[in-house]
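Below is one structure; the comments refer to it alone.
Both backbone and side-chain heavy atoms feed into the values below; hydrogens, waters and symmetry mates do not.
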Amino acid sequence: MEPKKLHSIIEGLKVLNMVGNADVEITDLVADSRQVRPGAMFVAVRGVAVDSHRFIDQVAQAGAVAVLCEQLPAQCQPQVTYVVVPDSTVALAKAASAWFDHPSQHLRLVGVTGTNGKTTVATLLYELTRLMGYKAGLLSTVKNIVDTRETPAVQTTPDHLTLNRLLHEMVEAGCDYAFMEVSSHACVQRRIEGLEFAGAIFTNLTRDHLDFHKTVDNYIAAKKSFFDALPSTAWALVNADDKVGAVMVQNSLASKHTYSLRSLADFKGRVIEDRLDGTLLDFNGHQLEVMFTGRFNAYNLLSVYGAALLLGFPADEVLVKMSLLVPVAGRFQTMRAPGGFTAIVDYAHTPDALINVLDTIAEVLAGRGHIITVCGCGGNRDAGKRPIMAREAALRSDRVILTSDNPRNEDPEEILRQMEEGLDGDLAARCLKITDRREAIRTACALAQRGDVVLVAGKGHENYQEIQGVKHHFDDREVLQQIFEGR
């Protein structure tokens, strides 16, 4: 970015106090003290683990010419301008937007939030918009895309500076639209503050991330804050079949719209025929064949349809282009085995997501085959859902193999023990425990007969397994392919 005067970066902030010169020239904006170079402006944030106010003297010595903070240091340096604000996290978000020339103002930005479906909905909106002939960008759990240039994603919603930088790159690349996942963490941490959204989508809400939010009410409030902040110029599209849908928009200024498979709504859908390789749907009286399976995907596609029409795309053209869309990597991704059974890789890592996938498989199989499920639970995450996951898997499968997911810094055996707490006599008898994930998948495939389905749940698109803080290469899809090839 070209250098900017300090006053242009802090113009929209609530400034409590300033010590120094507001006309000083800024050459970079950083929130990591290790990245400070001469001419930079440093934003001191009170984080969960570290309060970076303690680095203010250090960054002054490293050449910072301005510091945005909530509290002045004991001794101010004459070569540094100090700007005191009530909340430096909010200030960072707004300063980041200003530093990158307010990129969201130059895009039609749509945010997608909810427990399940965020990645699929955001990605399909990106793909659909491209098929409609427009340039677009994507910020997702799987990857970030600027027009056609892809980079790996580190967080579901990037940090303030990365987020605005990527949006700026989209503007520079000539993108007209941008679609992004909005996580509950990002809402609480105010990472989307200062962005201007054209629209917002709510998919659903079930138990997740209680390790962070502590209670379901806090989790709901985090999601709701996204809609509360929308301007009257934006639209909000919510799932009317989710009991939290109406709550999301009860205080929103945005125009309110609904989608549903079960009741009257602005965008009404119906599943006509469901198969493992696709679905025949009816959206607002129009039929379309799609390469997706399951009611949960029908909901995802219906929200995409609704959002596309709210963005002003012609309905007839949208329906034609939707028939060309393909599933997102690791989301109900089917693989045919030489032995005549089907393997499905899915990111389902919450009880509700697992139930959706297993119910879909059972509905399509209609008793003509067995379901063998491989699943685990991640470490350093909500432990309360572990017994629930195991129980729901056992209730809906003929055989279950409990295995390691991403144990992170926890003992995988202890995670599996906690999962087993959800199993009693008959359910426990259906389950095997194989800690090694590769062996668990291999065993599931060995048990499968022609016409059966092997569901490998939990990691989806991920190509690693995190053990004691180290990421080892591991891709469920690769492992299945190797097994199919006899390796």
Side-chain angles (χ1 to χ4, degrees), residues 87 89-90 93-94 104 108-122 125 156-157 178-210 212-269 283-284 295-296 298-312 350-353 356 382:
D87 187 329
T89 300
V90 172
K94 294 182 177 180
S104 63
R108 298 198 70 185
L109 176 63
V110 176
V112 185
T113 197
T115 306
N116 303 309
K118 294 189 299 295
T119 301
T120 295
V121 172
L125 277 168
T156 297
T157 310
F179 305 97
M180 66 178 286
E181 295 184 50
V182 176
S183 69
S184 56
H185 292 66
C187 293
V188 172
Q189 294 165 356
R190 313 293 289 271
R191 282 182 241 154
I192 56 172
E193 191 86 27
L195 299 184
E196 294 193 14
F197 286 90
I201 301 170
F202 170 72
T203 58
N204 50 64
L205 191 137
T206 60
R207 179 189 177 117
D208 201 15
H209 301 304
L210 296 196
F212 179 81
H213 297 289
K214 307 306 179 189
T215 69
V216 173
D217 285 345
N218 289 344
Y219 183 39
I220 292 172
K223 298 283 190 189
K224 183 177 180 298
S225 68
F226 174 36
F227 293 89
D228 289 349
L230 291 174
S232 58
T233 53
W235 50 260
L237 176 62
V238 300
N239 181 354
D241 295 340
D242 189 291
K243 62 180 181 292
V244 182
V247 174
M248 287 291 131
V249 293
Q250 64 186 10
N251 301 118
S252 181
L253 296 176
S255 62
K256 302 170 181 66
H257 307 268
T258 56
Y259 65 96
S260 171
L261 293 180
R262 298 203 303 253
S263 57
L264 290 175
D266 299 305
F267 304 101
K268 180 73 171 67
F283 285 174
N284 281 2
R295 291 181 67 82
F296 64 95
Y299 276 108
N300 292 336
L301 289 162
L302 186 55
S303 72
V304 169
Y305 173 74
L309 268 59
L310 290 171
L311 286 171
T350 65
D352 185 66
N356 284 338
D382 178 16

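Take Phe296 and apply the ring pair (Phe, Tyr, Trp, His ring centres under 6.0 Å) test, not counting sequence neighbours, and it matches Phe332. Remark: Lys256 pairs with no residue by the salt bridge (charged side-chain N to carboxylate O under 4.0 Å, His left out) rule, at least two apart or across chains.
Leu310 and Leu237 make their closest contact through CD1-CB, 4.2 Å (heavy atoms, listed as atom of the first residue, atom of the second, distance). Taking each heavy atom of Ala93 and Arg190 in turn, the nearest pair found is CB-O, 3.6 Å. Taking all atoms of both residues into account, the shortest heavy-atom contact from Val249 to Ala236 is CG1-CB, 3.8 Å. Between Ala308 and Leu125, the shortest heavy-atom contact is N-CD2, 4.4 Å. In terms of heavy-atom proximity, His257 sits nearest to Trp235 at CD2-CB, 3.9 Å. Among all heavy-atom pairs drawn from Val238 and Phe227, the shortest one is CG1-CE2, 4.4 Å.
Between Ile201 atom CD1 and Asn300 atom CG the span is 10.0 Å, to the nearest 0.5 Å. Here Thr233 contributes atom OG1 and Leu253 contributes atom CG; the two are 9.5 Å apart, rounded to the nearest 0.5 Å. Summarising the geometry, atom CD1 belonging to Ile220 is positioned 6.0 Å from atom CE belonging to Met248; distances are rounded to the nearest 0.5 Å. How far CD of Glu196 is from CZ of Arg108: 13.0 Å, rounded to the nearest 0.5 Å. To the nearest 0.5 Å, atom CG of residue Leu301 and atom CZ of residue Phe267 are 14.5 Å apart.
Taking the six-membered ring where tryptophan is involved, the planes of Tyr305 and Phe283 are tilted, since the angle between them lies from 30° to 60°.
Within the 3.5 Å criterion, the main-chain N or O of Lys118 finds no donor-acceptor partner in the side chain of Thr203. Of the possible donor and acceptor atoms, one in the side chain of Asn204 sits under 3.5 Å from a partner among the backbone N and O of Asn116. At least one donor-acceptor pair closer than 3.5 Å links the side chain of Thr115 to the backbone N or O of Thr206. Under the 3.5 Å distance criterion, the side-chain polar atoms of Thr120 are left unmatched by any main-chain donor or acceptor of Gly117. Within the 3.5 Å criterion, the main-chain N or O of Thr258 finds a donor-acceptor partner in the side chain of Asp266.
A donor atom on one side chain and an acceptor atom on the other are found under 3.5 Å apart for Thr119 and Glu181.
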Apply side chain to side chain contact (heavy atoms under 4.5 Å, CB included) to the pair Gln250 and Val247, showing each step before the final yes or no. CA-CA 5 Å; Gln250 64 186 10; Val247 174; 4.2 Å; yes
Does the pair Tyr299 and Asp242 meet the rule for a side chain to side chain contact (heavy atoms under 4.5 Å, CB included), with working shown? CA-CA 11 Å; Tyr299 276 108; Asp242 189 291; over 6 Å; no
For side chain to side chain contact (heavy atoms under 4.5 Å, CB included), just list the numbers for Met180 and Leu195, CA-CA rounded to whole Å, side-chain angles, deciding distance to a tenth of an Å, and then say yes or no. CA-CA 12 Å; Met180 66 178 286; Leu195 299 184; 4.3 Å; yes
Mind running side chain to side chain contact (heavy atoms under 4.5 Å, CB included) on Thr113 and Ser184 for me, showing each step along the way? CA-CA 8 Å; Thr113 197; Ser184 56; 5.9 Å; no
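No side-chain heavy atom of Thr89 sits under 4.5 Å from any side-chain heavy atom of Glu193. Val112 has its side chain out of reach of Phe179: every pair of non-hydrogen atoms, C-beta onward, lies at least 4.5 Å apart.
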